[in-house]
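Here's the structure we're looking at; comments come further down.
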Amino acid sequence: MHSSATFLIEFGAIILGLGLLGRLAGRLQFSPIPLYLLAGLAFGEGGLLPLGASEEFVAIGAEIGVILLLLMLGLEYTASDLVSNLKTQYPAGLVDMALNALPGAALALLLGWGPVAAVVLAGVTWISSSGVIAKVLGDLGRLGNRETPVILSILVLEDLAMAVYLPIITALLAGVSLAAGSLTLAVALGVAGLVLFVAVRYGRVISRFVSSDDPEKLLLVVLGLTLLVAGLAQQLQVSAAVGAFLVGIALSGEVAEGAHNLLAPLRDLFAAVFFVFFGLHTDPQSIPPVILPALALAVVTALTKIATGYWAARRAGISPKGRWRAGGTLVARGEFSIVIAGLAVTAGIEPDLGPLATAYVLVLVVLGPLTARYTEPVALRLASRRTASADARPAPAATPTAQTLEPVQDSTPER
């Protein structure tokens, strides 16, 4: 069969399969990410039906998917929102990093994978899934809850941290020298700071330049600008995803809203392709040997995320119910964890890191919506049981006091 015909058949089958999987996930009311990862495992090496002609195109589509994921994330926030979050919520961001990055780094070191893999796995366990969490909040009708701004603030701080973390991990994976890595980080921080400054001071001017009443022209300008900036960022040894994120931040107002509506279907398509591509590079037979460490890591970091959300919500003055809801909602990991692990898989630093990250994300992307729904009632039920058991205990015998030791006068009248 001609190679172009083979490509069309294979790629068409992938897209059709992803559409059916997404429909199934919608009926089951959970994120389609685990189904996309499983589809990639089925089509990859060692799977049921390995791909051939279309794999190179899938790789390009996956890269576009990462860029669009970060662009859409940047469109959600304005530069002023990011600055205010940095000023008021940075303690929660530091607690989030300490509680959730350290378990991943510790496990990598315990497994003997080395410091670079430790930094990678720390990022995998640190970053929550903004896409899954946003969908869960909408599905549960919690967008107007008091704890929701706390959740979103933590997600914003994680996204900002990505602008620093991704250049660091890119330099480490490339094996560059300390001087070159420091230069890369300095460039990344300088570019991020410059974009934030320009967005705050001249965001309206940029949005007016990009704005167009014609949806076709708006789509072409925003998409072209994003790909151009992402390519230039990668040429400067800064992550292309960071470049796309900064473009999203620079756009605001009606332009950001219009671009979001136009790009959402493209984002969903190429993001699904990205998850399939990650699964393609993971041999299903390599997952069973790492399933126990992945499960242990998932349990530990689910608890640390719940603790993070509880602490941040308590700091904001939220009631105990809202604290437990905030903690349970933050558990899900997804797109960012796979993006970080994908960089390591491409660099080939540790063969077991990709399978472990796949199993880890599969567990938590399924568990996340469940913890968001049930953490609060389970925690309150356990608390009520403890209270009831404490009330049911017999009161301790009163210790004699000086007053009780005084002789009691006989009130019987004398005869």
Side-chain angles (χ1 to χ4, degrees), residues 14 31 33-51 55-56 58-63 65-66 69 100-101 103-129 162 165-166 168-175 239-241 271-298 300-301 332-366:
I14 292 174
S31 170
I33 292 176
L35 297 182
Y36 295 157
L37 288 171
L38 291 174
L41 293 173
F43 288 120
E45 295 182 4
L48 300 176
L49 186 63
L51 291 179
E55 185 169 353
E56 185 177 352
V58 171
I60 298 173
E63 193 166 352
V66 175
L69 277 171
N100 298 286
L107 179 62
L109 294 176
L110 287 174
L111 293 174
W113 288 357
V116 176
V119 176
V120 172
L121 198 56
V124 171
T125 58
W126 173 17
I127 307 296
S128 298
S129 171
M162 289 285 286
Y165 175 83
L166 284 177
I168 294 175
I169 201 65
T170 302
L172 289 175
L173 293 173
S239 172
V273 171
F274 165 72
F275 291 119
V276 170
F277 177 73
F278 184 82
L280 289 175
H281 286 261
T282 304
D283 188 347
Q285 297 178 0
S286 63
I287 291 181
V290 298
I291 191 66
L292 290 180
L295 286 173
L297 190 61
V300 170
T301 53
R333 306 319 197 266
E335 59 273 16
F336 283 133
S337 298
I338 297 298
V339 168
I340 295 166
L343 293 173
V345 169
T346 303
I349 63 164
E350 176 56 51
D352 287 338
L353 198 152
L356 188 143
T358 301
Y360 174 80
V361 170
L362 282 172
V363 171
L364 287 186
V365 82
V366 174

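These numbers come from a predicted model, not from an experiment. Quick note: numbers below take in every heavy atom, side chains included, and nothing from hydrogens, waters or symmetry partners.
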Residue pair Ala118 / Ala108: nearest heavy atoms and the distance that separates them: CA-CB, 3.5 Å
Atom CD of Glu350 with >12 non-hydrogen neighbours under 6.0 angstrom: yes
By side-chain contact (heavy atoms from CB on, under 4.5 Å) - contacts of Thr125 (at least two apart): Leu297, Thr301, Tyr360
CH2 on Trp126 to CD1 on Ile340, rounded to 0.5 Å: 8.5 Å
Partners passing side-chain contact (heavy atoms from CB on, under 4.5 Å) against Leu362 (at least two apart in sequence or in another chain): Pro34, Leu37, Leu38, Thr358
Euclidean distance, Leu111 CG relative to Asp352 CG, rounded to 0.5 Å: 8.5 Å
Set of side-chain contact (heavy atoms from CB on, under 4.5 Å) partners for Ala344, sequence neighbours left out: Val120, Leu173, Ile349, Leu353
Interatomic distance, Ile338 atom CD1 to Tyr36 atom OH [nearest 0.5 angstrom]: 14.0 Å
Val365 and Ser129, any side-chain heavy atoms less than 4.5 Å apart: no
Those residues that, when tested against Leu295, pass side-chain contact (heavy atoms from CB on, under 4.5 Å) (two or more places apart): Ile291, Val363
Residues forming a side-chain hydrogen bond (donor to acceptor under 3.5 Å, both in side chains) with Ser337, sequence neighbours excluded: none
Non-hydrogen side-chain atoms of Leu356 and Leu121 separated by less than 4.5 Å: yes
Working for side-chain contact (heavy atoms from CB on, under 4.5 Å), residues Leu107 and Val300: CA-CA 11 Å; Leu107 179 62; Val300 170; over 6 Å; no
Exercise: identify the closest heavy-atom pair between Arg333 and Asn100: NH2-OD1, 3.7 Å
